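Heads up: the structure comes next, in structure tokens.
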Amino acid sequence: MWSFFARDPVKDFAYEILPDSQETSGIWTLHRGKRKTNGEPVSVFLYEVAQGTEQQTQLAKAAFKRMKTLRHPNILAYVDGLETEKSLYLVTEQVTPLAVHLKAQAEKGGSGELEVSWGLHQIVKALSFLVNDCHLLHNNLGVSAVFVDRAGEWKLGALDHVAPEQGDPSGVSLPTPKAVYPDMERYDPPEMSNSSGEKWAGEVWRLGCLIWEVFNGPLPRTSSLRSLGKIPKALVPHYCELVGANPRARPNPASFLQNCRAPGGFLSNSFVESNLFLEEIQIKEPAEKQQFFQDLSDNLDSFPEDFCKHKVLPQLLTAFEFGNAGAVVLTPLFKVGKFLSAEEYQQKIIPVIVKMFSSTDRAMRIRLLQQMEQFIQYLNEAAVNSQIFPHVVHGFTDTNPAIREQTVKSMLLMAPKLNETNLNQELMRHFARLQARDEQGPIRCNTTVCLGKIASYLNAGTRQRVLISAFSRATKDPFPASRSAGVLGFAATHNFYSLTEIAARILPTLCAVTVDPDKSVRDQAFKAIKSFLSKLETVSEDPTKLADMEKDVASCAQPAGASSSWAGWAVTGMSTITSKLIRNAPGTEGGAAADGSEPANTPSPTSATDGAPAPGRVITIDLLDSYYIVGFTMGSFKKMKMVAAQSEILSFLCQTFVPLKKQSADWSSSGWDADDSWSNDKEGQGQSSAGEEGWGNDWGEEDTDTTLANTTLPLPEGVRLASEYNWDSSSSATKGASQNDLFASVSQRNPAGTAATTVRTEVELGLSKAELSKKKREERRKELEAKRAERKAAKGPLKLGARKLD
């Protein structure tokens, strides 16, 4: 039992003092420490009782008492304490003496005025709290009484000499600072202590001494206060008031703070305003929070790094977690994340990012996709595949084109971290759907570009099954940039094809592109053909090089090499086109960047002759469920009488343009392996809603009678076929010019071709199919009505009340 009373209380103390360096702070020694249970860092002020130090012991016990009872955000926070016969332990938040902090900042280039302005704001606010609210005098204000925490915020400490302004009621008086430390006399005001000045006169004088030391270093003597030194000009008038000879003219700390906060004052800046807002953020309106976070990202570049890490970041995380701040916190959050180490980023920001991806807020999703480059390196593969990718893939089917586009671009960053199933099956399924069925030409183009860039991450089987079919389909796209991307895709992934595939599948496809109406596409095709032909010639001259040429065909997935920089214009330039499509409604003057348009840095299509008319603007019209957005070039269409009203144009298009088949992207049926073009697809019957579009549906399962398909049905009165119009000619001169256009004539369908194109063009074939589908549905309806009538007649009428027997 006696051993219980004989225990050393220091050993049972919940905090441990680290054996490294220590700093002297008045009568205390400052140590770094930590909590024994969780390792939380703290600061420990230690005072050891010795003989002949009764005055210091009295001050230490007074400070111990004041630290327990005084609570203010700008006063050093008390955490725990221990008082024994031999020593006093005072545990506070982790801090550094201001003198040590300023010395460290000077080695880095000096503290900025923003940091100092906020620090002085905090000290003056703490002094105002003591003087005006608590009616206490600090009596020891100076550099040695100020401490700096991890966020760079200044805290007022050294409460050893704090005393009531009217004196202690108990009659016990504490020794003055100069009685303990004679060199503290230089901080005393020139007037006598019993003068008739205001109670705060001595406090604000010492505040002036603190300001002088912050900007000029240690104060050698009282007379040095007359030399301004490096004190900023905006602060000089207010500083002179603090150290004025007349004690009655010295301002109250609250008045000094208000004067410095006036427009143009030293404490009037974005950093101080941001800090004040963060202190009151819990009581701010949601609209005010939104505006603050929007403006915060522009100011973070000028804020101190420690402040961003330890003050702004926790507020951003709290605002997202509990304040419904939404997407506005993303930009400042990622800016602050640059200051964190990899371990800190993993602990603080990654959990928030993973949670953000599950949000249904479109603004949140698109900002995450746009800024993925800033945090993708911190994400591990398990989190990407199980928690992020399942949410990201919803963007492929989003109705907003901007989200679909950003989702495609994000795959460039996510592909190296995707597992076998997500990369080679799930992602390829969505890419097949976008390339075949998306109504936006730029998105189809970006899908092709992205596929070429991530080809090296695919396994060999997927590459052989997907690449040739995908790029071949892209060369038949109506959007010129997509056709160019398909050609560049072949060139960028040339090392993944066997020579047999090059000769039998790739070169025939590229040769067909050499008569493309767009000259830039033709130029890329010729370059690609020359590259592939050189490989064939090399192996033909030296067959021993075959193995070296085909070494990458069956290689495993590996980081991209030469393909990492190809066709960069397509990915970076497509966003402007898609944004135009989003901003401008179809069919307006602003809709010039639709499927038939090109990127800003892509050469525009050129005609074979100078006399050909320049292409007009592109019109896009949405033809409801069974039609996709159709883009076509208006040459001399303005001269036609049919453009009197938009409704007439819509009616004309509905009767003359071919509805595009909703292709299935199933790998086992008509996905990449189908290698089908954009114009010769089978037609399904009737219109179908968006909900009917499934990967397992076979859109071409209903057969069409080829005999009836080749039969021309009569057109409605007053309507002509689109092929009968001369879209690009408005005079005989232009007509002659178009006849001399070699590529235009070659690219036209051959009248003496196969049975599918013998009688009519693609437009006429589409019209006859539509009429045929309608006729078949009508015949089927009549047949069902006839069968229903026969069954009804055979059974006879039922009597009222009679029960029908099975």
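Throughout, numbering of the chain's residues begins at 1 and tracks the sequence. Fair warning: this is a prediction, and the values are worked out from it, not measured in the lab.
- Gly208 and Val243 make their closest contact through CA-CG1, 3.9 Å (heavy atoms, listed as atom of the first residue, atom of the second, distance).
- Taking a cutoff of 4.0 Å between a charged side-chain nitrogen and a carboxylate oxygen, Arg66 and Asp160 do not qualify as a salt bridge.
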Expected list for residues 368-379: side-chain donor-acceptor pairs under 3.5 angstrom, two or more places apart:
residue, atom, partner, partner atom, Å
Gln371, NE2, Thr331, OG1, 3.4

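- The environment of NZ in Lys36 is crowded: more than 12 heavy-atom neighbours from other residues, nucleotides or ligands sit within 6.0 Å.
- Of the possible polar contacts, none joining the Trp154 side chain to the Val146 backbone as a donor-acceptor pair under 3.5 Å is found.
- Thr318 places no side-chain N or O within 3.5 Å of a backbone atom of Gln315 that could act as its donor or acceptor partner.
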Discussion item. Let's go through Asp306 and Lys311 carefully: what are the C-alpha distance in whole Å and the side-chain angles of both, what is the deciding distance for salt bridge (charged side-chain N to carboxylate O under 4.0 Å, His left out) to 0.1 Å, and is it a yes or a no?
Written reply: CA-CA 8 Å; Asp306 291 336; Lys311 183 73 178 290; over 6 Å; no
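- Judged by distance alone, with hydrogens and angles left aside, the side-chain atoms of Lys335 form a donor-acceptor pair with the main-chain N or O of Ser297 at under 3.5 Å.
- The two residues Thr24 and Gly26 make their nearest non-hydrogen contact at CG2-O, 3.8 Å.
- Side-chain contact between Leu156 and Leu76: absent, with no pair of heavy atoms (C-beta onward) separated by less than 4.5 Å.
- In this structure, Asn275 CG and Phe277 CZ are separated by 12.0 Å, a value rounded to the nearest 0.5 Å.
- Side-chain contact annotation: Asn299 with Ser274, donor-acceptor N/O pair under 3.5 Å absent.
- Residues Met356 and Val329 meet the side-chain proximity criterion, which asks for heavy atoms closer than 4.5 Å.
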Item to complete: Test Tyr47 against Thr57 for side-chain hydrogen bond (donor to acceptor under 3.5 Å, both in side chains), laying out the working first.
Response: CA-CA 8 Å; Tyr47 172 77; Thr57 304; 2.8 Å; yes
Below 3.5 Å, can you tabulate the donor-acceptor pairs from side chains in residues 230-241 to any protein atom, sequence neighbours excluded?
residue, atom, partner, partner atom, Å
Tyr239, OH, Leu225, O, 2.8

Worksheet entry | Steps toward side chain to side chain contact (heavy atoms under 4.5 Å, CB included) verdict (Glu113, Asn269) | CA-CA 10 Å; Glu113 286 192 5; Asn269 54 61; over 6 Å; no
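- Residue pairs meeting the salt bridge (Lys or Arg N to Asp or Glu O under 4.0 Å) criterion with at least one member in residues 357-370, sequence neighbours excluded: Arg362-Asp398, Arg365-Asp398.
- Residues meeting the side-chain contact (heavy atoms from CB on, under 4.5 Å) test with Glu115, sequence neighbours left out: His101, Gln105, Ser111, Pro304.
- Proximity of Leu300 to Cys308: side-chain heavy atoms (C-beta onward) are separated by under 4.5 Å at one or more points.
- Glu213 and Tyr187 share a side-chain donor-acceptor pair at under 3.5 Å.
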Practice prompt. Start with the C-alpha distance between Arg150 and Lys309, add both sets of side-chain angles, then the distance that settles side chain to side chain contact (heavy atoms under 4.5 Å, CB included), and finish with yes or no.
Written response: CA-CA 9 Å; Arg150 293 187 302 169; Lys309 290 169 56 177; over 6 Å; no
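- A heavy-atom distance below 4.5 Å is not found between the side chains of Ser43 and Val91.
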Worksheet item: Step by step, would you call Ile353 with Phe334 a side chain to side chain contact (heavy atoms under 4.5 Å, CB included)?
Response: CA-CA 10 Å; Ile353 291 177; Phe334 292 137; 3.6 Å; yes
Would you list the atom pairs, donor with acceptor, under 3.5 Å between side chains in residues 124-136 and any protein atom, with sequence neighbours excluded?
residue, atom, partner, partner atom, Å
Ser128, OG, Asn132, ND2, 2.9
Asn132, OD1, Asn252, ND2, 3.0
Asn132, ND2, Ser128, O, 3.4
Asn132, ND2, Asn252, OD1, 3.0

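- A donor-acceptor distance shorter than 3.5 angstrom exists from the side chain of Thr69 to the backbone of Lys65, with no hydrogens or angles considered.
- Separation of atoms CD (Glu83) and CG (Leu90) is listed at 10.5 Å; rounding is to 0.5 Å.
- Under the 4.5 Å side-chain criterion, counting only non-hydrogen atoms from C-beta, Ser25 is in contact with Phe45.
- No hydrogens or angles considered: nothing links the side chains of Ser227 and Ser224 as a donor-acceptor pair under 3.5 Å.
- Here the straight-line distance linking atom NZ of Lys348 with atom CD1 of Ile350 works out to 13.5 Å at 0.5 Å rounding.
- Rounding to the nearest 0.5 angstrom, the gap separating the CG atom in Asp80 from the OH atom in Tyr15 is 5.0 Å.
- One finds the CE atom of Met364 at 10.0 Å from the NZ atom of Lys355 (value rounded to the nearest 0.5 Å).
- Shown here is Glu305, whose CD atom has more than 12 heavy atoms of other residues, nucleotides or ligands within 6.0 Å.
- In summary, of the residues considered (Leu98, Leu141, Ile75, Asn74), a side chain to side chain contact (heavy atoms under 4.5 Å, CB included) with Ile123 occurs for Leu141 alone.
- What you find for Tyr345 and Gly337 is that their closest heavy atoms are CD1-O, 3.5 Å.
- Atom CZ of Arg226 is surrounded by 12 or fewer heavy atoms from other residues, nucleotides or ligands within 6.0 Å.
- Residues Ala145 and His138 share a closest heavy-atom pair of CB-CE1, 3.9 Å.
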Item to complete: Test side chain to side chain contact (heavy atoms under 4.5 Å, CB included) on Phe307 and Leu313 and set out the steps.
Response: CA-CA 9 Å; Phe307 168 79; Leu313 180 58; over 6 Å; no
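- Counting only distance, with no hydrogens or angles, the side chain of Trp200 and the backbone of Arg250 share a donor-acceptor pair below 3.5 Å.
- Pro332 is not listed as a side-chain neighbour of Val312, based on a closest heavy-atom distance of 4.5 Å or more.
- With respect to Lys284 and Glu280, a salt bridge is recorded, a charged nitrogen being found less than 4.0 Å from a carboxylate O.
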Discussion item. Between Lys199 and Glu165, is the salt bridge (charged side-chain N to carboxylate O under 4.0 Å, His left out) condition met? List the steps.
Written reply: CA-CA 7 Å; Lys199 59 182 179 180; Glu165 61 184 29; 3.1 Å; yes
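- Partner of Arg32 under the side chain to side chain contact (heavy atoms under 4.5 Å, CB included) criterion, out of Thr96, Val42, Leu18: Leu18 alone.
- With rounding to the nearest 0.5 Å, the separation of NZ in Lys155 from NE2 in His72 is 9.5 Å.
- Nearest heavy-atom pair, Gly142 versus Leu210, reported as atom, atom and distance to 0.1 Å: C-CD1, 3.8 Å.
- Residues Thr222 and Pro190 are not in side-chain contact: their nearest non-hydrogen atoms beyond the backbone lie 4.5 Å or more apart.
- When all heavy atoms are compared, the tightest approach of Lys289 to Ile281 is CE-O, 3.0 Å.
- A distance-only check finds a donor-acceptor pair linking the side chain of Thr84 to the backbone of Ser87 [under 3.5 Å].
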Counting only pairs under 3.5 Å, give me each side-chain donor-acceptor contact of residues 256-268, with atom names and distances, residues two or more places apart or in other chains.
residue, atom, partner, partner atom, Å
Asn259, ND2, Ser255, O, 3.2
Arg261, NH2, Glu273, OE2, 2.8

